[in-house]
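To keep things clear, I will list the structure first and then write my remarks on it.
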Amino acid sequence: MRIRAEQGDITTARVDAIVNAANSSLLGGGGVDGAIHAAAGPRLLEACRELRRTTLPAGLAVGDAVATPGFDLPARWVVHTVGPNRHAGETDPALLTSCFTRSLDVAAEVGARTVALPAVSAGVYGWAPDDVAAIAVRAVHGWDEAHPGRIDEVRFVLFNAPVLAAFEAALATARRH
Ligand code: APR
């Protein structure tokens, strides 16, 4: 698996699946969630409402993931995950690890070979970018070791320079070990 970090807007990523930092309602929000819904168009919200009417009546649990089509996005799929909210006392790193591993599980299940990931929980949900980067890189490496050859490329797509720097540092550290 190729793993890289880049600065950009995840809604424009030309990959098979992009991961959305959603909330448990799956009914949209701000940040990357808002950007993805705006770029995917109203059919994305309708698909999320259908999930709430059927398989996810109580919404999506923190650390879990679910796929929908990408509709108007370049990406064929959106994998929605719910990060831990530090402001709500959700400080267990295992919850954030699960966001990344479950997102890759779900992306692999729909047949995605390239996946773009944002810095889940590093915005509204208040986690420190350095912590998110370390957890995310460790989670993706661990997933790749457990699922060799299942996904060809993971791109961390970061919205600003400080978060990009955090992920580049985490990737450099991982390469040294
Ligand atoms: N592309 C890539 N990254 C983005 C984009 C974008 N278009 N927009 C924002 N980001 C970055 C933020 O700068 C931050 O580093 O995504 C990271 C995650 O920030 P949030 O989107 O705020 O997500 P999170 O911290 O997980 O909070 C989720 O916010 O938007 C609501 O509905 C969402 O309630 C949920 C909560």
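Both counts, for ligands and for their atoms, begin at 1 and track the order of listing. Numbers here are sequence positions counted from 1.
When side chains are defined from C-beta on, V79 does not count as touching I18, because their heavy atoms never get closer than 4.5 Å. Proximity of W77 to V106: side-chain heavy atoms (C-beta onward) are nowhere separated by under 4.5 Å. Using a 4.5 Å heavy-atom cutoff, the side chains of T81 and N20 are not in contact. Within the 4.5 Å cutoff, the side chain of L117 has no heavy atoms near those of the R155 side chain. Contact of the E153 side chain with the M1 side chain is not registered, since no non-hydrogen atoms from C-beta on lie closer than 4.5 Å. Between F159 and D9 the shortest side-chain heavy-atom distance falls below 4.5 Å.
Annotation for ligand 1: atoms under 4.0 Å from non-hydrogen atoms of D33 are 30 (O), 32 (O), 33 (C). Using a 4.0 Å cut-off to heavy atoms of N23, the atoms of ligand 1 that qualify are 32 (O), 33 (C), 34 (O), 35 (C). For ligand 1, the atoms closer than 4.0 angstrom to any heavy atom of G29 are 30 (O), 32 (O). Under a 4.0 Å criterion applied to the non-hydrogen atoms of S121, ligand 1 contributes the atoms 24 (P), 25 (O), 26 (O).
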Which atom pairs, one a donor and one an acceptor, fall under 3.5 Å between side chains of residues 95-102 and the rest of the protein, sequence neighbours left out?
from, atom 1, to, atom 2, distance (Å)
T97, OG1, P93, O, 3.2
S98, OG, G63, O, 2.6
T101, OG1, T97, O, 3.3
T101, OG1, S98, O, 3.3
R102, NE, D64, OD1, 2.9
R102, NH1, D105, OD2, 3.3
R102, NH2, D64, OD1, 3.3

Without placing hydrogens or testing angles, list every side-chain donor-acceptor pair under 3.5 Å for residues 127-134, not counting sequence neighbours.
from, atom 1, to, atom 2, distance (Å)
W127, NE1, P84, O, 3.1
W127, NE1, E90, O, 3.3

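Looking only at protein heavy atoms, the nearest one to atom 29 (O) of ligand 1 is V124 CB, 3.5 Å. Scanning all protein heavy atoms for the shortest distance to atom 11 (C) of ligand 1 gives F159 CB, 3.9 Å. Of all protein heavy atoms, the one closest to atom 23 (O) of ligand 1 is A21 CB, 3.7 Å. Scanning the protein heavy atoms around atom 21 (O) of ligand 1, the nearest turns out to be V32 N, 2.8 Å. Closest protein heavy atom to atom 18 (C) of ligand 1: A119 O, 3.2 Å.
Taking distance alone, with nitrogen or oxygen atoms compared against 3.5 Å, A35 stays at or beyond that limit from ligand 1. Remark: ligand 1 and G30 share an N or O pair separated by less than 3.5 Å (distance only, no angle test). Some N or O of G123 is nearer than 3.5 Å to an N or O of ligand 1, by distance alone. The shortest N or O to N or O distance between I10 and ligand 1 is below 3.5 Å. Residue D9 has at least one nitrogen or oxygen atom sitting less than 3.5 Å from a nitrogen or oxygen atom of ligand 1, judged on distance alone.
Residue F71 forms a side-chain contact (heavy atoms from CB on, under 4.5 Å) with just one option from R43, H37, E46, and that option is R43.
Residue contacts with ligand 1, taken as heavy atom pairs separated by less than 4.0 Å, do not involve P129 at all.
Within a 6.0 Å sphere centred on CZ of R76, heavy atoms belonging to other residues, nucleotides or ligands number 12 at most. More than 12 heavy atoms of other residues, nucleotides or ligands sit less than 6.0 Å from atom CZ of R113.
Heavy-atom distances between G83 and ligand 1 stay at or above 4.0 Å for every pair. Using a non-hydrogen distance threshold of 4.0 Å, A122 registers as a contact of ligand 1.
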